Amino acid sequence: MNGNEQINMKKMFSRTIVLVVVILALITFVSSIYIVAENEHACRVQFDKIVNVVSEAGLYFKIPFIEHIRTFPKTIMVYDIPSSEVLTADQKNMTVDSYVLWEIIDPLVFYQTWGSITEAENRLNVSTYNELKTAMGRLPQNAIINQEDAASRNDLYEAITKLVAEKNAIFGVNIIDVKVKRLDLPKANEEAVYTRMISDRNQIAEKYTADGQYEASLIRNNTDKEVNIIVSNATAEAAKIEAEGEAEYMRMLAEAYNTDDKKEFYEFQLALEALKASLRGDDKVVILGKDSRLGRLLINP
């Protein structure tokens, strides 16, 4: 190998070293960069120990190959708790299907205690179920499934949420809400509960019907009483008006025929009207005494 070849080999070796160094530097630089998103907390972990927590979105640096990044959601999470049975105060089973709204507020404490979302959900499952079981165990089944008392159920949920939040605050999480999606009855109890509910509704309907009939009877009695009073007053008023009319009629007759001539003329007129009424129609026969006024009138007009 001559001198030129040795020089070329040295140059190639130098270039290779430089290229390797550049690649290593680039890898080191890239490994030292990490990005924090808007919806997450980023924790720099060194030998399983968090050395820094970043919650603001942006570009950050870490020690390459020594530190690694653990991220946790910064958003509100929904954990759907598996359905489970609880025992009410009157010793009746109910199946509860619920969910929890929660968030991580202290990533450092969360990592040091629970460490993962899976472990957090397991702990929330146990904690929430215990509070649900305790709270509903103080109430009878009828109070829990009563549809007309939604406000009391909301108070119950708020109390459960408060208790779950207080017990889990030391783990760096915040419990926003605990809600029951559905309350089911075990198959063995469904028929009895439905029968009782139907019986309760029938009793309420019968009470409403009885109250309505009682009110109707009062209204009918009052109406009949008012009608009787009105009819009685109207009859008395009619009798009074009729008596006054007859009295006025007799007074007018007395005034119109207050002499013998007027009286005789009036009787004669009445006789003519009676004769006229008797002779209406065909083939009429009128029998009159010869001493009657009409007889004398017809025989000797």
Side-chain angles (χ1 to χ4, degrees), residues 78-101 127-166 175-250:
V78 180
Y79 174 53
D80 193 357
I81 299 176
S83 300
S84 55
E85 288 192 1
V86 296
L87 190 65
T88 61
D90 48 356
Q91 302 301 308
K92 294 180 180 178
N93 288 328
M94 294 191 69
T95 302
V96 182
D97 188 5
S98 59
Y99 67 89
V100 180
L101 297 178
S127 177
T128 305
Y129 171 71
N130 288 336
E131 297 303 330
L132 281 170
K133 181 177 66 174
T134 302
M136 293 189 176
R138 300 190 187 102
L139 299 174
Q141 187 183 72
N142 187 35
I144 296 175
I145 64 176
N146 185 5
Q147 297 181 359
E148 299 175 357
D149 198 9
S152 64
R153 285 201 301 274
N154 290 332
D155 294 340
L156 175 65
Y157 300 154
E158 290 177 1
I160 294 173
T161 301
K162 184 178 179 181
L163 291 173
V164 176
E166 290 175 352
I175 307 301
I176 299 173
D177 198 6
V178 175
K179 280 289 189 293
V180 175
K181 296 189 297 182
R182 185 174 179 180
L183 288 169
D184 286 333
L185 301 171
K187 295 297 182 182
N189 297 347
E190 279 186 358
E191 189 64 29
V193 172
Y194 291 152
T195 301
R196 180 181 56 78
M197 292 176 65
I198 292 173
S199 176
D200 291 343
R201 294 300 182 271
N202 288 337
Q203 290 179 2
I204 294 173
E206 291 174 358
K207 181 179 181 300
Y208 286 152
T209 301
D211 292 342
Q213 291 176 348
Y214 175 72
E215 292 293 332
S217 65
L218 291 179
I219 294 172
R220 282 195 296 268
N221 292 337
N222 291 333
T223 302
D224 292 342
K225 181 179 178 180
E226 291 177 1
V227 168
N228 291 333
I229 292 173
I230 293 172
V231 172
S232 177
N233 292 337
T235 302
E237 186 66 20
K240 178 182 177 183
I241 294 173
E242 185 178 356
E244 291 176 352
E246 291 179 354
E248 182 65 17
Y249 173 70
M250 297 303 296

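Model, not experiment: these values are computed from the prediction.
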Within a strict 4.5 Å, meaning less than it, do heavy atoms of the [X] and [Y] side chains meet?
X	Y	value
Lys225	Asn221	no
Arg182	Val96	no
Met136	Val180	yes
Lys133	Leu87	no
Leu101	Tyr79	no
Val100	Ile175	yes
Tyr99	Val78	yes
Glu237	Ile241	yes

Mind checking the [atom1]-[atom2] spacing from [X] to [Y]? Nearest 0.5 Å is all I need.
X	Y	atom1	atom2	result
Asp224	Ile219	CG	CD1	12.0 Å
Asn228	Glu226	CG	CD	10.5 Å
Ser98	Glu131	OG	CD	12.0 Å
Ile81	Lys181	CD1	NZ	9.5 Å

message: If I compare all heavy atoms of Pro140 with all of Thr88, which pair ends up nearest, and what's the gap?
response: C-CB, 4.3 Å
message: Are there over 12 heavy-atom neighbours, none belonging to Lys162, within less than 6.0 Å of that residue's NZ?
response: no
